[in-house]
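Reading through the C-alpha cells given below for one structure.
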Amino acid sequence: MNAPSSASTEIPTVYNPKQVEKKWYEFWMREGCFRASSSARKRPYTIVIPPPNITGILHMGHALNNTLQDILVRYKRMRGFETLWMPGTDHAGIATQNVVERSLKEEGLTRQALGRDKFLERVWKWREKYGNTIIRQLQRLGCSCDWERTRFTLDEKMSGAVREVFVRLYEKGLIYRGKRIINWCPRCQTALSDEEVTHKEVTGHLYTIKYAIEGSDEFVAIATTRPETMLGDTAVGCNPKDERYRRLRGKTALLPILNRRLVIIQDERIDPEFGTGALKITPAHDPVDYSLAEKHGLPFINILNSDGTLNEEAGPYQGLDRFEARRRILGELEDRRLLLETKEHVHAVGHCYRCHTVVEPVLSPQWFVRMKPLARPAIAAVKEGKVVFLPERWTKVYLDWMTNIRDWCISRQIWWGHRIPVWYCVGTESCTLKCKEPIVSRTTPEKCPHCGSAALRQDEDVLDTWFSSWLWPFSTLGWPEKNKDLRFFYPTSTLVTGYEIIFFWVARMIMAGFEFMGKEPFREVYIHGIVRDETGSKMSKSLGNVIDPLHVIEDYGADALRFGIVSITSEGQDVYVSKEKLEVGRNFANKIWNASRFVLMNLDEKRAFLKKAPRKASLNSVDRWVLSRLNRVIGWVTASLERCRFNEAASILYEFFWHEFCDWYLEWSKPNIRSKETQWVLHEVLGRSLKLLHPLMPFVTEEIWERLPHEEGVLMRSQWPKVKTGFIDKAVEEEIHLVMSEVQAIRNVRAAWQINPKDFVTVAVRVHRRKETQILQKHSTSIVHLAKVGSLQIGKNIRRPKESAVANIGRVETYVVLSGLIDIQMERQRIETALEDVGKMLKALDGRLKNEEFLKKAPKEVVEREQRRAEELQNRRKLLEENIQSLME
RNA sequence: GGGCGGUUAGCUCAGUUGGUUAGAGCGUCUGACUUACAUUCAGAAGGUCAAUGGUUCGAGUCCAUUACCGCCCACCA
C-alpha cells in the first residue's frame with residue numbers, strides 16, 4: 001500500500017496533530033486496516049463496543065472506555081490476531097424519546113398530538129441527522145473499529161433477533177404478563193425496571209396521622225412518609241404480638257377525609273418497632289402492602305394517573321399533582337387535628353435514572369422475564385472461571401446480584417423501541433375463551449388462530465432498551481443465523497466497560513449468551529472506573545464541570561488525550577481528569593515527535609546498513625545499554641498489556657522513552673552520530689518504541705513510522721516486537737549506571753555551587769576498584785561531554801585537589817575543583833549531612849545483621865545483600881570522615 | 001442494615017507475589033534560549049505510607065479493630 005506522502009523534508013519543531021490525525025485516519029479507513037474477516041487463518045480476537053446511545057456526544061467516560069478498547073485491539077492486531085472490534089449504537093429508548101419530545105415541545109407539539117407513526121418518523125429523522133455523531137467522534141479518538149459492520153440496536157436484523165428471543169422465552173414460559181408493583185416514572189410516563197431506579201438518601205418527613213376507629217372515640221396513630229397515598233389505603237395493620245393494638249382486633253378504621261372503611265389486619269411482617277407499630281396499607285402503591293393485600297385478600301385502589309396526578313379515586317384531590325396533593329392533605333389533616341407529629345426522616349427515595357424524577361410504585365400490568373432460570377448457568381460460568389472479572393472484586397458484586405435476581409420488567413409505555421411482538425384478538429362474534437390469550441409471533445399474524453378474525457391489535461408497548469443490548473455479542477454477528485462470523489468471532493474475548501452497567505448489561509449478556517448461544521459471550525470483563533473531575537464529582541453536563549474530549553483533541557491531539565487519560569487510570573479506580581493531566585500527554589507526543597526528528601535528521605542518505613544488524617561486538621557499551629533497556633521494556637509492556645495494566649504500560653514507555661532514550665542515549669549519541677552502529681541503534685530503538693507506543697498513541701507513531709526507513713507497511717499492521725533476550729545485559733546496565741551516576745554527581749556539585757553552566761570544570765575521581773577505574777576511563781569522553789568537564793583525572797592514587805567539593809562518595813570519590821568559589825563551612829555541612837544519612841542507614845542495617853533470627857531465617861541472598869550494603873556504607877562513612885579531615889587541613 | 005473502594009510528598013496518584021535508601025507527574029525553589037524539543041534541559045527541597053494492635057527475622061504491602069471520605073445494594077412504612 002502507498003502511504004500518504006508527507007509534505008516536505010522540513011519537519012516542524014512542534015508536533016501538529018490536527019492534520020496528521022485526519023490524514024492517517026482516512027488512510028487506515030481507505031486501506032481497510034480495521035477490517036476483520038472470519039475467513040482469516042489467524043486466531044480471532046473480538047471486542048464488542050458498549051454501544052453508545054445515539055443521543056450521546058463523546059464525553060470523557062467514552063474517551064476512557066474506547067481508548068482502552070482501542071489499545072487492546074491495536075495491540076492484539078499487531079500480535080497477529082484476526083481482530084474484530086464490533087461497533088454500533090444503541091437506540092436508547094427513553095433517552096432518545098425524551099430528546100425528540102423536547103424538540104417537539106419547542107414547536108409546541110407533543111407526541112400524542114402527532115400520533116405514533118408520525119412521531120416515530122420524527123425520531124428516525126432525528127437519528128439520521130444526529131445518530132452518528134458519536135461514531136464520528138469515536139473516529140476522531142482513533143478507534144479502529146470495523147466500521148463497515150456498524151450495527152444499530154433497532155436495525156431490521158437486530159429487531160429480528162429481539163423478536164426471536166421474545167418468542168423463544170415466551171414459549172419456554174420465561175416471559176409472562178402479570179400485574180405487579182412496578183416503578184413508574186410520572187415524567188417519562190413509563191414503567192421502569194428495578195435497575196432503572198436509583199435510590200438517593202433524602203431527608204424527608206415522617207408524619208403521624210390519626211385514623212379513627214369506627215363506632216368509638218378511639219383512634220389509631222399511623223406513621224407514613226407519603227401521606228397522599230392514604231387515599232389508596234384499603235386496610236390498617238399491626239403485628240399480632242403487639243399488645244397495644246389488641247383492642248383493635250376485629251374493628252374497622254376510618255380513613256380520614258374520605259371516610260373509607262378499612263379493615264384492621266394482623267401480620268407478622270409488620271414491625272412493631274417502627275413508627276407507631278401500626279401500618280396503613282396501600283396495596284396499589286407499595287410492594288410490601290401489595291403482598292400483604294394479596295395474602296389478606298384486600299382490595300387494590302390505584303390513585304394515580306400516568307403523569308403523577310391523582311385520579312378519580314382521590315376524591316377532592318383529583319387532578320392535583322402528587323406533591324401538591326401531599327401538601328393539601330397535610331393541611332387538611334392539620335385543620336382537623338389529625339396530624340399528630342411531623343419529624344425529619346432520612347430515607348431512600350427512588351428516582352428515574354433518565355430524568356431524576358421521583359418514581360412511584362404502582363400496581364400495573366406489564367411483561368416480565370423470569371430471571372432465576374437464566375441466572376443459573378450465568379452464575380455457574382463465573383464460579384467456574386469461564387468468565388473472569390478484572391479487577392476480581394466485581395465477581396462478588398455480580399454473584400450477589402445474580403443470586404438475588406428478581407424478575408425483569410421489560411415493557412415500556414413509550415413508542416421508540418422494539419414493539420412487543422404480541423397481538424390480541426379483538427374479534428367479537430366467534431371468539432372463544434382462547435382468543436383472550438395473547439398471540440406471540442415472530443411475524444405479524446394475519447388472523448387470530450382461534451377464531452380466525454383478522455381484527456388484531458398489537459400490544460402498544462415497546463421493550464426495554466436493554467432487551468436488545470443483552471443480545472449484542474451475538475446479534476451483531478448475525479444471530480439467529482448460524483454463520484461463519486458467529487462461529488469464528490463468538491465468544492468474544494474481552495468486554496471493556498464501567499461498573500455502572502454491570503447489572504444492566506454485563507450480567508444480562510452473560511445470561512443471554514448461555515441461553516441462546518450455549519456459551520459465554522466473552523471470556524474476560526475488564527471493569528474500569530468512572531471519570532470524575534478534579535473535585536471528585538461525576539462529570540456531567542448539568543454540573544458544568546465537563547472537560548470536553550473533543551476540545552482536548554482539538555487543542556492537544558487525540559494521542560495526547562489517549563495517553564493522558566490512560567496514564568491516570570489504574571486498575572478499576574475512578575479517574576480524576578484535569579487539563580493539567582492531559583498536558584502530560586501533549587508534552588509526551590511532542591517529545592516523541594522531536595526525538596524522532598532528531599533521529600531522522602541524522603540518518604544518512606544511504607540507509608542500506610539499517611537492514612542488517614551490526615555484530616554485537618561492534619556496538620559500544622552505551623549502544624548495548626540502550627538495547628538492553630529496550631528489550632526489557634518490550635517484555636514489560638507486553639506483560640502489562642496482557643494483564644490490562646494500561647497505566648503501567650504507559651508509564652514504562654514514558655520513563656524509557658523520555659528519561660532513558662532521550663535524556664541519555666540521544667545525548668550520548670551526538671558525538672558518534674555519524675557512525676553506522678549508532679545510527680542503526682537509533683533506528684532500532686526508535687522503530688521498536690514506535691511499535692510499543694502505537695496502541696496508546698496511534699497517530700503520532702504512524703506519522704513518524706512513515707518517515708522512518710522500514711519494510712513492514714503501515715505501523716498499525718506491523719508486527720509487535722519480540723524480546724531479543726540476547727540483548728539483555730545486566731553487566732552493561734551496571735556499567736552505564738555507574739557512568740550516569742558519575743555524571744550526575746558532577747552536575748550536582750556544579751548546581752550546588754552555582755557554577756556557570758558555560759564553564760568547564762576540573763574534576764578528579766578517586767576510584768577504589770580496578771573494574772570501576774576501567775569503566776570510568778573507558779567512558780571519560782562521555783563524562784567530559786555530559787558534565788561539561790575541562791580536565792578529568794581518574795585513578796586510584798588521586799588526592800583531593802585543593803579547594804574542591806566532593807560528591808558521589810561510595811564506590812568512587814569525585815572531586816570538583818571550585819577554586820575561589822569554595823566555602824569550607826558550607827562544604828563541611830554538605831558532607832556532614834551525607835554522613836548523618838549514612839549513619840542512620842548503618843544503624844538500621846547493623847540491627848538487622850546482629851539479629852540472629854534474621855541471619856537464620858531470611859533467604860541467603862537477602863542476608864548477603866545486606867552484608868554487602870553494610871560494608872559499602874562503612875566504607876563510605878570512612879571516606880566521608882577522611883574528607884572532612886582533609887577539608888580542615 | 002449489608003457490601004465494596006479509598007486514606008502514601010503541597011496537589012493528583014503509582015507501588016505486581018512482604019526484602020536495598022517508598023516512586024512519578026504537577027506545583028515549589030536554584031540555574032540554563034546547550035545546534036531534536038522552553039510542550040525543553042540540569043539540579044534541589046519535600047513522606048514517622050490515616051490510627052492502634054497483631055503475624056513475621058523483616059510490613060506501605062498480610063490479619064484484626066477504629067476513624068474519616070466515596071460508591072453500590074436493601075420492601076422498615
Side-chain angles (χ1 to χ4, degrees), chain A residues 11 13-15 181 198-199 206 222-226 229 237 269-271 273-276 278-282 286-291 345 347-348 361 391 393-394 396-397 400-401 404 499-500 502-503 529-530 532 534 536 538 556 560 567-568 570 572-574 576 578 580-581 583-602 639-640 643 645 647-648 651 654-655 659 662-663 666-667 670 744 747-752 754-758 787-788 837-838 840-841 844-845 848 851-859 861-863 865-866 868-869 873:
Chain A
I11 310 174
T13 57
V14 172
Y15 172 56
I181 294 271
T198 55
H199 292 272
L206 187 64
I222 296 175
T224 179
T225 53
R226 294 183 297 157
T229 62
R269 288 178 63 189
I270 298 166
D271 179 2
E273 303 297 318
F274 188 88
T276 63
L279 176 69
K280 64 189 264 314
I281 295 171
T282 321
D286 186 282
V288 177
D289 294 7
Y290 173 78
S291 64
H345 180 66
H347 60 149
R393 65 171 186 272
W394 295 108
K396 190 169 145 33
V397 175
D400 285 351
W401 186 77
N404 298 312
Y499 53 77
E500 75 274 19
I502 290 180
F503 306 144
I530 286 179
R532 295 165 190 281
E534 304 96 295
K538 197 164 162 176
Y556 293 171
S567 59
I568 56 175
S570 76
Q573 291 305 335
D574 284 351
Y576 296 73
S578 64
E580 295 77 57
K581 288 177 184 168
E583 275 173 15
V584 176
R586 176 197 59 172
N587 297 352
F588 189 41
N590 194 53
K591 190 72 180 178
I592 295 168
W593 180 254
N594 277 294
S596 308
R597 223 160 54 81
F598 171 79
V599 173
L600 291 167
M601 276 163 55
N602 287 294
S640 297
R643 296 161 69 200
R645 301 195 166 226
N647 65 322
E648 193 177 82
S651 75
Y654 184 88
E655 170 66 23
H659 296 303
C662 292
D663 287 354
L666 289 191
E667 292 309 318
K670 283 176 184 174
Q744 280 167 327
R747 286 172 176 172
N748 180 334
V749 173
R750 294 183 62 119
Q754 307 231 1
I755 294 168
N756 188 325
K758 285 178 182 136
K788 198 109 180 168
D837 290 346
V838 171
K840 267 184 232 158
M841 284 188 272
L845 258 184
R848 225 169 297 165
N851 185 337
E852 282 186 29
E853 294 294 301
F854 173 71
L855 298 174
K856 214 160 59 191
K857 290 182 182 164
E861 315 90 74
V862 175
V863 176
R865 193 177 54 214
E866 299 292 62
R868 247 180 291 128
R869 269 188 66 216
L873 285 171

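By convention in this document, chain letters (A, B, ...) are assigned in the order of the sequence lines, proteins followed by strands, and residues within each chain are numbered from 1. Everything numeric in this text was worked out from a predicted model, so none of it was measured.
- Across all strands shown, Ser651(A) has no heavy atoms under 4.0 Å from either base or sugar-phosphate atoms.
- Lys856(A) has no carboxylate O lying under 4.0 Å from a charged side-chain N of Glu852(A), or vice versa, which leaves the two without a salt bridge.
- A straight line from OH of Tyr576(A) to P of C69(B) spans 14 Å, rounded to a whole angstrom.
- Contacts of Arg597(A) with the nucleic acid, taken as non-hydrogen atoms under 4.0 Å apart, involve only primed sugar atoms and P, OP1 or OP2.
- Across all strands, Lys856(A) comes closer than 4.0 Å to no nucleic acid atom at all (heavy-atom distances).
- Base contact: Lys670(A) has a heavy atom under 4.0 Å from a base atom.
- Not one side-chain nitrogen or oxygen of His347(A) sits closer than 4.0 Å to the OP1 or OP2 atom of G1(B).
- Between Lys758(A) and C33(B) there is a side-chain N or O to OP1 or OP2 distance below 4.0 Å.
- When the P atom is compared between C41(B) and C33(B), the two are found 16 Å apart, to the nearest whole Å.
- The pair Asp289(A)-Lys280(A) does not count as a salt bridge, with every side-chain nitrogen at least 4.0 angstrom from each carboxylate oxygen.
- Nucleic acid contact for Arg750(A): none, since no nucleic acid atom lies under 4.0 Å from a heavy atom of the residue.
- An OP1 or OP2 oxygen of A42(B) is reached within less than 4.0 angstrom by no side-chain nitrogen or oxygen of Asn748(A).
- Using a 4.0 Å heavy-atom cutoff across all strands shown, Val14(A) reaches at least one base atom of the nucleic acid.
- Distance, Asn647(A) CG to U16(B) C1': 12 Å, rounded to whole Å.
- With C71(B), C73(B), C4(B) as the candidates, the nucleotide lying closest to the side chain of Tyr499(A) is C71(B).
- In this structure, the CZ atom of Arg586(A) is 17 Å from the P atom of C37(B), given to the nearest Å.
- Residue-level contact check: Leu666(A) touches the bases, meaning some heavy atom is under 4.0 Å from a base atom.
- For C69(B) and G31(B), the P atoms lie 44 Å apart once the distance is rounded to whole Å.
- Using C1' as the reference atom, G10(B) and C71(B) are 27 Å apart when rounded to the nearest Å.
- Aromatic ring orientation, His345(A) versus Phe274(A): perpendicular (interplanar angle above 60°, classes split at 30° and 60°).
- Using N1 to N3 plus N6-O4 or O6-N4 for Watson-Crick, or N1-O2 and O6-N3 for G-U wobble, each under 3.5 Å, G25(B) pairs with C11(B).
- Atom CZ of Phe598(A) and atom P of A36(B) are 6 Å apart (whole Å).
- Proximity of Thr224(A) to Leu206(A): side-chain heavy atoms (C-beta onward) are nowhere separated by under 4.5 Å.
- Nearest nucleotide to the side chain of Lys581(A), out of A36(B), U12(B), G43(B): U12(B).
- A perpendicular orientation is assigned to the rings of Tyr654(A) and His659(A), their planes being inclined by more than 60° (bins at 30° and 60°).
- Atom CD of Glu500(A) and atom P of C73(B) are 11 Å apart (whole Å).
- Note: CG (Asp837(A)) to C1' (G46(B)) measures 14 Å, nearest angstrom.
- In terms of heavy atoms, Leu279(A) sits closest to Ile270(A) at CD2-CG1, 3.8 Å.
- For G47(B), there is no paired nucleotide, since no Watson-Crick or G-U wobble pair has both relevant distances below 3.5 Å.
- Counting non-hydrogen atoms under 4.0 angstrom, Ile568(A) reaches nothing in the nucleic acid.
- Residue-to-nucleotide contacts include a donor-acceptor pair under 3.5 Å from the side chain of Glu667(A) to the base of A36(B).
- Remark: C41(B) base-pairs with G31(B). Criterion, Watson-Crick or G-U wobble with two distances under 3.5 Å.
- Under the Watson-Crick or G-U wobble criterion, with both distances below 3.5 Å, A64(B) is paired with U52(B).
- Note: CD (Gln744(A)) to P (U21(B)) measures 20 Å, nearest angstrom.
- Nucleic acid contact for Pro361(A): none, since no nucleic acid atom lies under 4.0 Å from a heavy atom of the residue.
- Dashed line: the shortest gap from a side-chain N or O of Thr225(A) to OP1 or OP2 of A77(B) is not under 4.0 Å.
- Close to G31(B), at under 4.0 Å from its OP1 or OP2, lies no side-chain N or O of Asn756(A).
- Looking at every heavy atom in both residues, Gly529(A) comes nearest to Tyr499(A) through CA-CE2, 4.0 Å.
- Proximity of Lys396(A) to the phosphate of C73(B): no side-chain N or O atom is located under 4.0 Å from OP1 or OP2.
- Between Gln573(A) and C13(B) there is no side-chain N or O to OP1 or OP2 distance below 4.0 Å.
- The two residues Val863(A) and Leu855(A) have their closest heavy-atom pair at CG1-CD2, 3.8 Å.
- Contacts of Glu583(A) with the nucleic acid, taken as non-hydrogen atoms under 4.0 Å apart, are absent.
- In this structure, C4(B) forms a base pair with G70(B), meeting either the Watson-Crick or the G-U wobble geometry with both donor-acceptor distances under 3.5 Å.
- Nearest to the side-chain atoms of Tyr654(A) among the listed nucleotides G25(B), C37(B), C57(B) stands G25(B).
- Pairing of U20(B), defined by two Watson-Crick or G-U wobble distances under 3.5 Å, is not identified with any nucleotide.
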